[in-house]
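Notes to accompany the following structure.
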4 protein chains.
Amino acid sequence: MTTMTIKEKRTETASHILEVAKDVFAEQGFAGARVDEIARRAGVNKATLYYQIGDKKALYAEVIHNVLSNAAELGARAIEKAQTPEEKLRCYVRSIARTVDENPQMPPLMMREVASGGKNFPAEAARDLVQIVGILTNVLKEGHEKGVFIETTPFLIHMMVMGVIVLYKLSVPIRTNQPAFPEAIKKLDKNVSGAIAEEIEKLILRAVLKEVPRE
Amino acid sequence: MTTMTIKEKRTETASHILEVAKDVFAEQGFAGARVDEIARRAGVNKATLYYQIGDKKALYAEVIHNVLSNAAELGARAIEKAQTPEEKLRCYVRSIARTVDENPQMPPLMMREVASGGKNFPAEAARDLVQIVGILTNVLKEGHEKGVFIETTPFLIHMMVMGVIVLYKLSVPIRTNQPAFPEAIKKLDKNVSGAIAEEIEKLILRAVLKEVPRE
Amino acid sequence: MTTMTIKEKRTETASHILEVAKDVFAEQGFAGARVDEIARRAGVNKATLYYQIGDKKALYAEVIHNVLSNAAELGARAIEKAQTPEEKLRCYVRSIARTVDENPQMPPLMMREVASGGKNFPAEAARDLVQIVGILTNVLKEGHEKGVFIETTPFLIHMMVMGVIVLYKLSVPIRTNQPAFPEAIKKLDKNVSGAIAEEIEKLILRAVLKEVPRE
Amino acid sequence: MTTMTIKEKRTETASHILEVAKDVFAEQGFAGARVDEIARRAGVNKATLYYQIGDKKALYAEVIHNVLSNAAELGARAIEKAQTPEEKLRCYVRSIARTVDENPQMPPLMMREVASGGKNFPAEAARDLVQIVGILTNVLKEGHEKGVFIETTPFLIHMMVMGVIVLYKLSVPIRTNQPAFPEAIKKLDKNVSGAIAEEIEKLILRAVLKEVPRE
DNA sequence: GATGAATGAGCGTTCATTCAT
DNA sequence: TATGAATGAACGCTCATTCAT
């Protein structure tokens, strides 16, 4: 299943431009991205880009919003079928891991955005983010109320989950290309959604479960 | 008291320029930083900057290397006095939290760098990074050998620790400025090295300890 | 009631576009005018504008010609009923003053055009201009032949009449908006066709009449 | 005596750029002028232009101010030696005519500026303008108080004097190049400061003098 | 007759970098 | 060692114009 993040309201041209812009902003960041390059890679004239979407900031805002609202939607849907808080937490972690693998532009976009202090962060996207955090918060609260999770700062757990997944994913190029890294690290999985996600699930659960199943 | 990261071999002018450059690169990223601004904020002529250090890339490389080698050194020193693996892990987390609070430029610099896939990552800095990862790897191995830690993928734990701390720290401006965030999140501590670091220690230990101390 | 300067041969759409174009060219000049703005203010698509009239230069040429031929016609008609040269001169001045008040786009269009050295001046419009100058020339010649006017350079008198009227009218925004101007000037009439035109008549007549009526 | 309008405070490069800018703005107007062309004709890089002076607006403002303050100074100096109001008025007209002939950029600059309603008119320049108007106002007042001039609206006389001179000068290219104009007009003097200025002097004086010397 | 979409060329501006002093 | 001045190359954006429908 390919990710379809671009709104259907947009014309085909606009959707295509936004898809390319997502790539370029992910690769180069806002300041590093070149409107020329986005237009060229989208196969359209620069003026068309302005006609269809607007200036660089508008382009960026729309990309960020698309990515985050998509993530929020997937996160919410992921825990729908799960019953217990424990199961919900597992599903949530797996969902984020899968989202990251399927939308490889998300980690760099997110990281650059937070690194910049949200300088270009559109208010719309902030709401998406709050929604994502909210999902996990509810799961953790429910687990604590039911006596299976210890008391935690949900936002911190969220940073932990997001942090590992995103950072692990982002580390791929550096640990692969830099000769200084040892073989053991170099040959770690390039995807997060498989065995790595399972280990993360286990670690997070061990961290928050009152009774940890000893192995 | 701020940490002194700039090498003493450099002239005073050069050190000062590098200190300013660290701020500017942290605030704006490599592409967003302006050589003009660095020179202006350093109170020197642009030509002086080129004479003393070199071009923008050289400036950036030196900043990154200074920051990372400093972090590596602090990380290594942190666990020196600790005896048990558990204690070492605690010290390590606390050390990173403190480093982050005292060097607020580190998180944005690191995150942008990994987000870019290490495009401008100097080989020197990669060695610093490997060293930092190595510290934690050894602690985790020792703990596992001594039977107190479960078996883990040390690199993943490293991503976890770094991920939480750095992401938590970086989230401050966004969660503070964006009205969409709930009060509960807005009023969380702006520093990591206090209560937050303690909770992180606890969570990480619960995740890796074979026998978790029940509360 | 505004003067209807646009030819009837044109479709209603074209006439409307030309009317709007007259405004925009008057406000912004040829180089400053935007085809987009003309189309928008006319409520038509840009392509329609090109279909109906042609490119920017064609649009401009037609506007200039309309304005000048209108002025020429009004000038000629103004002196029709007058008998003596003196009366004709009075009527002529009054006619130009009225034309200027009723067609506020004329002064800026004319002035920018002469300021540019007639770079975009269509030959048609030049003929209109010659006709306007011709009217006054005849009056002055007649007056001189009849012994009531001194000998003059008619073209210079024409520049004088046009100069005062047009410059006076054009000075309104500057002398009104710029705080540096004294109150006495600020509160001068914004129209030329009333008391101001009368004073101009008087001054011009005093300048060219052999026998000036002492007051 | 060549006109030295550019301030001595400026570097030679800046003065040269401003001199060229004066030409280009006079030829093309603000909107029509191209920064590229100014730089090219000045023989400097575009970036130098921004380094030395600033953006297009700043460039324009400085040009306008230079031209007007120069005119104001010359106007004031012109009537210094004259004794009677009549003589002062003559000198004033002659001074403006000479200024216009020696600074051929002034008429187009002025006319375009008033035609635009002073859209880009710098406040500094407005003060220069008020000063110029003030000179003539004083002469006319003095003449009226001494009983030699009739009562007039000084600002209107100013528009008249400026109007003829500037319009006459500006009409040169059109009346020369457009075939529609009759020979009599084509062969009129291209300068204002000779016989034309004398005729203007005569006309203006006849207009305002109580007792006109009959010829 | 009218329009949404597209475009090449160019615009004003800024960038990192160099050079003469 | 330090700087004011200069620059080529780009950058984000807008322009007048065209074309398929």
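In what follows, every heavy atom counts, from backbone to side chain, and hydrogens, waters and symmetry copies are set aside. To find a chain, count down the sequence lines: A is the first, B the second, and so on, and within it residues start at 1.
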Spacing between C:Ile17 atom CD1 and E:dT3 atom P, to the nearest angstrom: 9 Å
Nearest-nucleotide wise, let me know which of A:Val44 and C:Tyr51 is further upstream toward the 5' end of DNA chain E. C:Tyr51
Any-strand Watson-Crick or G-U partner of F:dT21, both distances under 3.5 Å: E:dA2
How about A:Arg112 and B:Ser116: do any of their side-chain heavy atoms sit closer than 4.5 Å? yes
With a 4.0 Å limit, can you tell me whether D:Arg34 has a side-chain N or O closer than that to the phosphate oxygens OP1/OP2 of E:dG10? no
C:Ala47 vs A:Phe30, nearer the 5' end of DNA chain F by closest nucleotide: A:Phe30
With hydrogens left out and only the distance checked, is there a donor-acceptor pair under 3.5 Å joining C:Lys46's side chain and the base of F:dT17? yes
Identified side chain to side chain contact (heavy atoms under 4.5 Å, CB included) partner of D:Leu18 from the options D:Leu59, D:Ile38, D:Leu49, D:Thr13: D:Leu59
On DNA chain E, more 5' by nearest nucleotide between B:Gly32 and A:Gln52 is A:Gln52
Between F:dT17, E:dT18, E:dT13, which nucleotide has the shortest distance from any of its atoms to the side chain of D:Lys56? E:dT13
The nucleotide from E:dT18, F:dG12, F:dA16 with an atom nearest the side chain of A:Val35 is F:dG12
Round to a whole Å and report the spacing from NE2 of C:His16 to P of E:dG1. 18 Å
Partner of F:dC11 under the Watson-Crick or G-U wobble criteria, both distances under 3.5 Å, comes out as E:dG12
Protein-nucleotide distance (B:Leu49, atom CG; F:dA2, atom C1'), rounded to Å: 12 Å
With a 3.5 Å cut-off and heavy atoms only, can you find an N or O donor on one side and an acceptor on the other between the side chain of D:Asp55 and the base of E:dG12? no
Find the distance C:Arg40:CZ to E:dT3:P and express it as a whole number of Å. 15 Å
What is the distance, to the nearest angstrom, from the NZ atom on C:Lys57 to the C1' atom on F:dC15? 15 Å
Scan C:Ala33 against the nucleic acid and name what it touches under 4.0 Å (heavy atoms): base, sugar-phosphate only, or nothing. sugar-phosphate
E:dG1 OP1/OP2 closer than 4.0 Å to side-chain N/O of C:Thr13: no
It should be established whether D:Thr11 places a side-chain nitrogen or oxygen under 4.0 Å from OP1 or OP2 of nucleotide F:dA5. no
Do any side-chain nitrogens or oxygens of C:Thr48 fall under 4.0 Å of OP1 or OP2 in E:dG1? no
Nearest-nucleotide comparison on DNA chain F, the residue closer to the 5′ end among C:Asn45 and B:Gly43: B:Gly43
Write down the distance between CD (A:Glu37) and C1' (F:dA10), rounded to a whole number of angstrom. 14 Å
Please report the interatomic distance CD1(C:Ile64) to CG(C:Asp128), rounded to the nearest 0.5 Å. 10.5 Å
Between the main-chain N or O of B:Arg34 and the side-chain N or O of B:Gln28, is there a donor-acceptor pair closer than 3.5 Å? no
Atom pair distance, as rounded to whole Å: CD1 in A:Ile53 and C1' in F:dG12: 15 Å
If you check the D:Tyr50 side chain, which of E:dT13, F:dA6, F:dT17 turns out closest? E:dT13
How close or far is atom C1' of E:dT13 from atom OH of D:Tyr60, stated in whole angstroms? 20 Å
Could you tell me whether the side chain of D:Asn70 and the main chain of D:Asn66 form a donor-acceptor pair under 3.5 Å? no
D:Phe25 and D:Val67, any side-chain heavy atoms less than 4.5 Å apart: no
